[in-house]
Amino acid sequence: MAYISISLIACLIILTVCLNTHNYLKKNEPIEKITYKEHNDSIPDLDSLWQQTEFMETVID
Amino acid sequence: MIKRIILNASKIVWALAAISLFVGFFIGNQKDKNLKEQFINSADYKPLTENVFQKDSLFIGVFSAQGYGGEITAIVEVQDSLIQKVEIVKQSETLVYFEKCKDFILSFTGKKLGSNTQLVDAVSGATITSAAILEIIQKFECEYLSTSHPSKNKIHLSLSSALITLLICLSILAYFIQKEKLKKALRFILLFSSLLILGFWLNTPLTIANFAQLLTFKPLPLFSNIDIYLILIYALVSVIFTKRNSYCKNICPFGAFQDCAAYLLKPKSKISNLSQFNQLPLLLCGLALIPALLFQAPGLSLYEIYSGIFDFTLSLGLYAAFILTILLMLFVKRPWCRFLCPTGAVLNQILKLKNKLWLK
């Protein structure tokens with residue numbers, strides 16, 4: 001019983017280390033591939049919004 | 001037969017770990033350079049300082065700080081002196097601890113630079129990870145505002161450091177006491193206090209990740225992690241200058257937990273065929289170190305069940321390992337220490353090596 005338990009724990013440990021490594025590689029894709037995207041919460045272009053509204057009004061009319 | 005297989009396998013694994021250490025040094029530090037080069041080579045961004053880049057009124061900073069599992073790299077975006085975004089691009093923290101910090105990272109959005117970030121509290125239960133994120137923000141502030149780092153070279157001495165020092169002093173005292181009864185009583189007090197203080201309260205047992213941090217030359221900041229360094233220094237000094245591994249015997253909280261279990265379960269003291277597994281911790285330790293050294297991410301080596309059992313942050317596989325360890329406690333005393341613990345294996349190996357050199 002003790003013999004099996006130790007073997008099982010060893011297998012679980014190896015599995016944990018493999019999973020840790022897999023997760024690490026998955027979430028940390030090579031930085032060369034990351035293309036930085038700027039934060040895009042700037043105020044929308046009011047002119048284009050106004051034109052869109054005018055267009056919608058024309059369609060509704 | 002099994003003993004010989006484990007012994008030969010651990011020799012191969014340790015050779016591979018040594019190779020990983022060298023290879024890791026060459027490929028590990030390349031990543032951050034590549035990220036910065038994205039901004040340096042970009043025509044839109046103008047380098048303002050070594051790590052801060054400017055595009056019109058937008059300022060981008062690429063900074064790194066040492067977390068528990070390894071280096072954390074983040075991009076900090078600032079406009080009109082307000083933090084717009086903190087994006088973590090590289091980290092190897094334990095998932096549970098990193099999840100705890102997500103709200104902490106978001107809390108910086110909209111904050112004004114220089115608005116007393118040194119007063120921000122770390123996340124309880126993920127202190128080192130949140131401290132590293134905070135350090136990244138502070139590094140940005142220092143470089144952007146050209147001020148000095150507020151927390152640099154400032155020792156954080158607290159009640160925990162005082163209690164750990166007391167535990168170490170008691171352990172040294174136990175080494176010199178000759179009377180058996182007094183020694184036993186002192187050891188009982190030591191184990192019980194370390195279970196409560198280092199285990200359930202601080203949750204700072206020594207782990208293989210601490211050794212991996214030293215091997216990869218990515219140690220935790222000394223001044224804000226004085227507790228861990230106190231334990232690490234004591235463990236190393238005890239095996240180098242005395243004939244005993246006093247940390248495992250007197251201070252390790254999981255060792256104390258196993259001793260309490262042995263007192264209650266009263267296991268059979270001798271199971272002859274289990275000695276075949278005596279070299280197993282060395283094999284497991286080497287295996288765990290390979291990815292940690294190769295990818296320069298010490299956190300990958302972390303498989304000790306005691307690193308998460310006191311605050312219930314283990315993965316499913318390690319909970320299963322914990323249940324099996326409790327089952328083993330019915331048969332042997334301190335089964336984790338004898339057959340599985342990587343920290344104990346490293347300390348015992350240093351002790352053996354020192355004894356060999358001493359005899360020569």
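Please read these numbers as outputs of a predicted model, since none were measured by experiment. Letters A, B, ... mirror the listed sequences (proteins, then strands); counts begin at 1.
- Neither the backbone nor the side chain of B/E304 comes within contact range of chain A; no heavy atoms are under 4.5 Å apart.
- Looking at B/L324, both its backbone and its side chain come within 4.5 Å of chain A, counting heavy atoms on both sides.
- Side-chain contact between B/L284 and A/I14 is present, with at least one heavy-atom pair separated by less than 4.5 Å.
- Between the SG atom in A/C18 and the CG atom in B/L287 there is a gap of 8.0 Å [rounded to 0.5 Å].
- For a residue to count as touching a neighbouring chain, one of its non-hydrogen atoms must lie under 4.5 Å from one of that chain's; by this rule B/L316 does not touch chain A.
- B/S315 places a side-chain heavy atom less than 4.5 Å from the side chain of A/T16.
- Heavy atoms closer than 4.5 Å to chain A are found in the side chain of B/A297, but not in its backbone.
- Interface residue A/T21: backbone and side-chain heavy atoms are both found under 4.5 Å from chain B.
- Interatomic distance, B/I305 CD1 to A/I13 CD1, rounded to the nearest 0.5 Å: 7.5 Å.
- Considering CZ of B/F339 and OG of A/S7, their distance stands at 11.0 Å, rounded to 0.5 Å.
- Take B/Y319 and apply the ring pair (Phe, Tyr, Trp, His ring centres under 6.0 Å) test, not counting sequence neighbours, and it matches no residue.
- No other option in A/L12, A/I4, A/N20 has as many heavy-atom pairs under 4.5 Å with chain B as A/L12.
- Between B/F295 and A/Y24, the ring planes are tilted. Angles from 30° to 60° get that label.
- With contacts defined as side-chain heavy-atom distances shorter than 4.5 Å, the pair A/I9/B/L340 qualifies.
- Top candidate by heavy-atom pairs under 4.5 Å with chain A, chosen from B/P335, B/G317, B/A292, is B/G317.
- Here B/L318 is the residue among B/L302, B/L318, B/L280 with the most heavy-atom pairs under 4.5 Å with chain A.
- For B/L300, the parts lying near chain A are the backbone and the side chain together; criterion is any non-hydrogen pair under 4.5 Å.
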